[in-house]
Q: 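Right, I'll just put the structure down here and ask away after.
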Amino acid sequence: MRGRRPVTEVPDVVGLGAEDACEIIRRAGLEPFGPDGVAAPTSGIVTEQRPIGAAGAEEGAPVFLWTHPGRDGADDLVSPMPREAADLDPV
């Protein structure tokens, strides 16, 4: 089996910002791309990926990412109002 590259687990990056997702994929030894092999996305939230997270792939293999053109997820976070926060159970 000469020339075969080691297999690595594909990280699940759905729901992450595009920049973070691409960095995680690169750290796993894989190459991020946009749909149809275009350049890796640089903005938006990853809504789908192929291969899916937890699948196995040879190191250096492509991971295709589809993103929703919008703000990063952190921008959508809203703190609860003081009354709502008082109703929450402490963890």
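These numbers were taken from a predicted model, which means no experiment stands behind them. Start at 1 with the first residue, then count along the sequence.
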Q: Grab the two heavy atoms, one from L30 and one from E9, that are nearest each other, plus how far apart they are.
A: CD1-O, 4.4 Å

Q: So which heavy atom on V46 is nearest to which on A21, and how close?
A: CG2-CB, 3.7 Å

Q: With a 4.5 Å cut-off on side-chain heavy atoms, are V13 and V63 touching?
A: no

Q: When you look at CD of E48, are more than 12 heavy atoms from neighbouring residues, nucleotides or ligands closer to it than 6.0 Å?
A: yes

Q: Answer yes or no: is there a side-chain heavy-atom contact under 4.5 Å between Q49 and I25?
A: no

Q: State yes or no: do L65 and I45 share one hydrophobic cluster built from I, L, V, M, F, W and Y residues joined by side-chain heavy-atom distances below 4.5 Å, directly or via other members?
A: no

Q: What closest approach, in Å, do F64 and G34 show between heavy atoms, and which atom pair accounts for it?
A: CD2-O, 3.4 Å

Q: To the nearest 0.5 Å, what is the distance between SG (C22) and CD (E31)?
A: 10.0 Å

Q: So, for G60 and R5, which heavy atoms are closest and what is the spacing to 0.1 Å?
A: CA-NH1, 3.8 Å

